[in-house]
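For ligands, and for the atoms within them, numbers begin at 1 and follow the listed sequence.
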Amino acid sequence: MKFGGSSVSSAARMREVADLILSFPEETPVVVLSAMGKTTNNLLLAGEKAVSCGAPKASEINELAVIKELHLRTIDELGLDSSIVSGFLDELEQLLKGVAMMKELTLRTRDYLVSFGECMSTRIFAAYLNKLGKKARQYDAFDLGFITTDDFTNADILEATYPAVAKRLHGDWIDDPAIPIVTGFLGKGWKSCAVTTLGRGGSDLTATTIGKALGLREIQVWKDVDGVLTCDPNIYANAVPVPYLTFDEAAELAYFGAQVLHPQSMRPAREGGIPVRVKNSYNRHAPGTVITKTRDMRKSILTSIVLKSNITMLDIVSTRMLGQYGFLAKVFSIFEDLGISVDSVATSEVSISLTLDPSKLWSRELIQQELDHVVEELEKIAVVHLLQHRSIISLIGNVQRSSLILEKAFNVLRRNGVNVQMISQGASKVNISLVVNDSEAKQCVQALHSAFFENGFLSEVEEADLAQNGVPVLVSSNGAINGN
Ligand SMILES: Nc1ncnc2c1ncn2[C@@H]1O[C@H](COP(=O)(O)OP(=O)(O)O)[C@@H](O)[C@H]1O
Ligand SMILES: N[C@@H](CC(=O)OP(=O)(O)O)C(=O)O
């Protein structure tokens, strides 16, 4: 059971989550927690301010005061001893003074700095469960066996993690049973032995990794929404929960920008064949979303609409003759050399259009200087147009019905006077990506959502299928059509 920052943002929320866990007395869950509320953001901001504020002022950083106040108030309201976090808060202040003195915040120090959030939330929660008489044991993931690459701020979990975590949790359970309360988001670099983090929202990945390591029956990720929704509720309030998803759909949805799940988190669940249930800790009786390997696609057309804004698009036209081989290889080797990730691609014989995500690495914004450098390198072999302030609208759905989805989508976009600048759809993908201007993207998502989900479109298609085939068309998740 993983609870995100919004689920454990205060003493009241911690009580609620404890009550939720205790309401399943027959279960012996492993609990994964994120940092309380906005603590990770505050730690990052405090670190950035420390770089330039000068050592004497480091203790006065506003975000440090906010973090201290939140954790001490929570401890107080839960009737716990302040010594649970006071050591961490003192060390945090020292660390910020150190950053201020050095006038630099390396990626390694940044990871160590943000680790304080999860280290404190898990200690508070474990102490509270123990106070309630439910035996709990706190674990720091970096001591539990989470072994990662040394890519600070965006580390990958290594295979050795699975047996190490299983051995430790099983061993401790046999010696002295207690509910494990594990820090999400954190790991230990295999060479550096320093604390690493798994990228923003990485606690989902911690949970699915533990699920696979222990071969659990189910992985639950508890959020502040009723599951994965048909679109981001901040973009369009009419979004509704999606009851079932496949791992592929969920991964695509997360990768293309839905903040609800960490993009890598589906991998261990898929490998372990363990269902993931997305639930609402504020509304525990809502059924949520169940994510599994396959699902009944009979009535599935469009599942969810995802928006990723502030995308940079490159239009690259070869300066050489038509039919020249090796052009794609040359272009992609430039991206590889510069360590820049490409999201969507559309090609013709002589040109490539592709999108780059400036926020892919949360630690390192793709800044103008880097973009200029990419263009400079590409201009050695092609004519390049850099197009900024674009958005990718991803239509996640049943690719076997892609013509139907595209017909409907383009109808809507034409009616809204929107010109699509790039389209990307693969043979086995569950995702059709459309690139539009940032300024018109939200309006497009709203119009598409109304057309697909709110105006009886799905039942109309179902009726048409029935009329045409006698029975609804059954499409399995591998794409085979089984209709009569
Ligand atoms: N398609 C989507 N479905 C559900 N939530 C989404 C979607 N896209 C964006 N979100 C946002 O993601 C948030 C994720 O929930 P949250 O509880 O904050 O996660 P966590 O606690 O793990 O950080 C939601 O509050 C919602 O605003
Ligand atoms: N605290 C980390 C890790 C995490 O997973 O958080 P959340 O579950 O609240 O998204 C972050 O903010 O990125």
- Leu253 N/O to ligand 1 N/O under 3.5 Å: no
- Message: What's the separation between atom OH in Tyr236 and atom CD in Gln443, rounded to the nearest 0.5 Å?
- Response: 12.0 Å
- Is there a heavy atom in Gly227 that sits closer than 4.0 Å to ligand 1? yes
- Item | Protein heavy-atom partner closest to atom 10 (O) of ligand 2 - residue, atom, separation in Å | Gly201 CA, 3.7 Å
- Counting heavy atoms only, name the option from His262, Gln259, Lys223 that's nearest to atom 11 (C) of ligand 1. Gln259
- Task: Quick one: look up the protein heavy atom nearest atom 9 (C) of ligand 1 and list residue, atom name and how far away it is.
- Result: Asp232 CG, 3.3 Å
- Message: Under 4.0 Å, counting heavy atoms only: does Ser7 come that close to any atom of ligand 1?
- Response: no
- Query: Got an N/O contact under 3.5 Å between Gly199 and ligand 2?
  - Reply: no
- Task: Would you please determine whether Glu118 falls within less than 4.0 Å of ligand 2 on a heavy-atom basis?
- Result: yes
- Considering only protein heavy atoms, which is closest to atom 9 (O) of ligand 2, and at what distance to one decimal place? Gly5 N, 2.8 Å
- Message: So if I count the atoms of ligand 1 from 1 in the order they appear, which ones are less than 4.0 Å from some heavy atom of Gly4?
- Response: 20 (P), 21 (O), 22 (O)
- Task: Tell me which one of Asn234, Thr40, Val228, Ile396 gets a heavy atom nearest to atom 27 (O) of ligand 1.
- Result: Asn234
- Which of these, Lys223, His262, Gln264, sits in a side chain to side chain donor-acceptor pair (under 3.5 Å) with Asp204? Lys223
- If hydrogens are left out, which of Val221, Asp224, Val306 has an atom nearest to atom 16 (P) of ligand 1, that is, the closest non-hydrogen atom? Asp224
- Query: Quick check: does Trp222 get an N/O under 3.5 Å from an N/O on ligand 1?
  - Reply: no
- Note on the structure: Among non-hydrogen protein atoms, atom 11 (C) of ligand 2 lies closest to Arg200 NE, 3.4 Å
- Item | ligand 2 N/O within reach of Asp204 N/O, cut-off under 3.5 Å | no
- Numbered in order shown, the ligand 2 atoms found under 4.0 Å of a heavy atom of Thr40 are 1 (N), 2 (C), 11 (C), 12 (O)
- So the atoms of ligand 1 within less than 4.0 Å of a heavy atom of Gly5 turn out to be 21 (O)
- Message: Using a 3.5 Å cut-off on N or O atoms only, is Asp204 in polar contact with ligand 1?
- Response: no
- Does at least one non-hydrogen atom of Lys2 fall below 4.0 angstrom from an atom of ligand 2? yes
- Nearest protein heavy atom with distance in Å, relative to atom 5 (N) of ligand 1: Val260 CB, 3.5 Å
- Is any side-chain N of the basic residue among Asp19 and Arg15 closer than 4.0 Å to the acidic one's carboxylate O? no
- Item | Which residue and heavy atom of the protein sit nearest atom 6 (O) of ligand 2, plus the separation | Ser34 OG, 3.3 Å
